[in-house]
Every structure is written in C-alpha cells, then in structure tokens.
Amino acid sequence: MESEARVDLRLPLRNLLQGLRELVSQLRGECFKAISQEATKLSLAFSKPPLPSVQDCQKLTADFQKNILNLTTVYYWLPKSQGVTLRRLVRDATMDIVEGVIQLLNVILSTPLQSLSQDQLASTGAVWEACDRFSKLPKDNKAAVQSLMSSYAAIVEDALEEIEQARHADNPDPFSDIFDDGDSRENRDTYWSEADKQVMAPCLGLVKAAKACLKKVSVAMTTHGKVDSLQHITQLDDLGDITSEISPNVDELILSLYPPMDYMTVQINASKVAFVLNKVLEITKSSHMCPESENTWLQFLSGAIEHNMDKVKDLTQGST
C-alpha cells in the first residue's frame, strides 16, 4: 500500500513535468514568431499617421514585453542537464533578439514621429533575422555540438585554403597583392625562403590533421552520439569545449607561417595545435562515441600528428 501511495503521489509531478516540457516546446516555437510580428507592429505604429493612442501604445509595449519574457523563460527553463552547449546557444540566440529589440527601440525613440528611417528598417530586419536564427536552433545537445563543430571545420578549411593558395602562387611573395604593381621591393622579409617552405610543410600537415579530426569526430558523433543520459550529454559537451580550441590555435599557427617566419614561434604554435588535437582524440576515445570500429582513424590521426610535430621540431630545433 505504501508503495502504491508513493506512485500515486509522484504521478502529479510527472504530469507537471510533461506539461512544462510541452509549454517550453510551445514557447520556443511561438515566442520568436510573436516577437518578429510585434517588432513590425511597433515599427509601423510610429512611422505614419495616425499615431497610436496612449492606450494602444501601452498595449503594444505590454504585448512586446510579455513575448520577450516568454522568450527568456525558454532559456531559464532549459536545464543544464540537457547540455551546456545547447543552453549556451539558446542563451546567445535569446540575447541577440533582446539586443535587437533594444536597438530598434532606441532607433524609434531617436527618429521623428510619422517617419520611417533606413535605420528603423534595418533594425526591424535585424530583429527578424535574430528571430529566424532562434527558430533554427539545434533541438538537442548532440545537434548543438555538431553545429558548432561544423563552424569550426569551416574556419580551419578557409585558413588552410588561403595559405595553400599563397604557397602555390607563382609569385613567391604572399604580400604582392597589397602593394602597387610598379613597386620594386628588396625586402626579403616578405618572401618565403627554401627553409621556410620546408618548415611550412609539416605545419600544414598538422592543419590538415585538424581538418580531418573535426570531420571524423563529427561522423562518429552522428553515428554513435546519444543524449539519453547525463553522462552521454556531458561527454558531448566535453568534446564541444575542446574542439572549440582547434580553430583559434590553427589560426595562430597559420599566421606565424607568413614571412618573416620566426621558427621558435612556429614551433610553439605547432605544439599548441598538436596538444589540442591529441586532447580531442583522447576525449573521443574515452567517450561513448568511440566503439572499437573507430580505433583505426584515431590511431592514424594520432600517428600523423606525432609525425608532423617531430618534423617541425627537427626543422626548427636551432631556433629554441
């Protein structure tokens, strides 16, 4: 009897939990649409005659405030147990909308009544865009981490393409396009020496390993990633945090490869990239996303990182 009583007592709690989840889902789906509509109403209300009455203005602002509060409720009701990465994305998207509305209000207050300025149109459009981005937020922590990793991969890809183009250009001066065509320059600091090119090769090997690492981890996450327990969600967050360090470190390494090349700086930056990549592989290997079937590429990338880092050290050892 006591066991049955406990079950009965917990039933209302379960019903409340389900109701709140449905409410959050509904709020998330509707509040950004309402804010977009309210932004349009507010912008138009003061742009042409007749101006709204005091009562209409009060209702308009009250409705706007209600929808903004509904929006912030989505963030505050999203528990950290659903994933820190997802929560950050929702927070940032919420802030984008609120800041966009603040900007729109400032523009309206500084614009003469019964007129529609370009700034007002632009600010209204910015609120629309922020609401649209909110509507496209990932639905769970796995999708949230994957979306960020995709953006990191794009940054690494762009940086790699840029220096590869400069490296393989017929002109050995990567800065030639920012000087006038008629200039004759004798400053060798703007050119890559043969030694520089040798150092660059394994450094770019590390960047390619970073690109491959992001791709392979993302595929493993798609195939094996789960959000069915706090442990799995936390592992996804750990990967999201460590992979966020890849693109900044890759950028630092690539910047240090442009002439004049300082070999000690290059070696330090290469070491940072190698450290982050090895950490990514370590976290991946110990997670639920890495069954034995994933070990082959993990070992391959680990070997590639070590090989390229050893070459960087060999080629720059005289500078440290």
Side-chain angles (χ1 to χ4, degrees), residues 17-18 21-22 24-25 28-29 74-75 77-93 133-160 205-251 272-309:
L17 176 61
Q18 183 60 29
R21 284 175 174 165
E22 291 175 359
V24 168
S25 178
R28 188 171 176 180
V74 172
Y75 168 64
W77 280 4
L78 183 63
K80 290 181 180 179
S81 60
Q82 292 299 305
V84 174
T85 305
L86 177 63
R87 204 165 189 268
R88 285 176 189 155
L89 289 180
V90 174
R91 178 199 63 195
D92 293 346
R133 287 194 297 273
F134 190 95
S135 71
K136 296 173 181 175
L137 284 174
K139 303 305 180 186
D140 58 35
N141 207 48
K142 174 180 171 180
V145 174
Q146 285 184 305
S147 70
L148 290 180
M149 285 180 59
S150 178
S151 68
Y152 305 150
I155 294 170
V156 170
E157 175 74 24
D158 288 346
L160 181 61
L206 281 173
V207 176
K208 291 173 183 176
K211 176 183 171 183
C213 188
L214 285 166
K215 179 180 179 182
K216 288 293 187 179
V217 172
S218 183
V219 171
M221 192 178 296
T222 299
T223 307
H224 308 291
K226 298 176 182 178
V227 289
D228 57 354
S229 71
L230 181 58
Q231 180 185 22
H232 290 162
I233 288 172
T234 301
Q235 288 174 352
L236 289 166
D237 281 328
D238 289 343
L239 265 178
D241 287 342
I242 190 62
T243 53
S244 71
E245 298 179 26
I246 293 179
S247 57
N249 281 287
V250 163
D251 281 345
K272 289 179 180 178
V273 171
F275 175 82
V276 171
L277 294 182
N278 282 324
K279 194 68 177 175
V280 171
L281 298 182
E282 177 188 328
I283 291 175
T284 302
K285 188 172 183 178
S286 62
S287 75
H288 70 283
M289 290 161 281
C290 191
E292 283 191 27
S293 59
E294 303 293 334
N295 282 340
T296 302
W297 67 263
L298 280 168
Q299 292 172 0
F300 175 81
L301 280 178
S302 180
I305 294 164
E306 182 179 8
H307 171 74
N308 282 296
M309 193 61 231

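Since the structure is predicted, the reported quantities are computational estimates derived from the model, not experimental observations. In this chain, residues are counted from 1 in sequence order.
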Whether the side chain of [X] engages the backbone of [Y] through a donor-acceptor N/O pair (distance < 3.5 Å, no angle test) should be reported.
X	Y	answer
T223	A220	no
S150	Q146	no
S302	L298	no
Q235	H288	yes
S218	L214	no
R87	L78	yes

Report yes if the side chains of [X] and [Y] come closer than 4.5 Å at any heavy-atom pair, otherwise no.
X	Y	answer
I246	Y152	no
I305	L281	yes
F134	L89	no
H232	V227	no
M289	L239	yes
E245	K272	no
V273	V207	no

Closest approach of [X] to [Y] (non-hydrogen atoms, all atoms of both residues):
X	Y	value
L86	P138	CD1-O, 3.4 Å
V217	W297	CG2-CH2, 3.8 Å
A143	K139	CB-N, 4.3 Å
C213	L301	CA-CD1, 3.7 Å

Seminar exercise, completed: Taken in chain and number order and not counting sequence neighbours, the residues that satisfy side-chain contact (heavy atoms from CB on, under 4.5 Å) with D237 are V84, T85, N141, I233

For this session: Would you mind checking if K285 and E282 are paired as a salt bridge, meaning a charged N to carboxylate O distance below 4.0 Å?
Result: no

Let me confirm one number: the [atom1]-[atom2] distance from [X] to [Y], rounded to the nearest 0.5 Å.
X	Y	atom1	atom2	answer
L148	D241	CG	CG	9.5 Å
L206	H307	CG	NE2	10.0 Å
D238	S286	CG	OG	8.5 Å
L236	Q231	CG	CD	11.0 Å

For this session: Tell me, please, which residues at least two apart from H224 pass ring pair (Phe, Tyr, Trp, His ring centres under 6.0 Å).
Result: none

Exercise. What residue pairs, at least two apart or across chains, pass salt bridge (charged side-chain N to carboxylate O under 4.0 Å, His left out) with a residue in residues 145-158?
Worked result: E157-K211

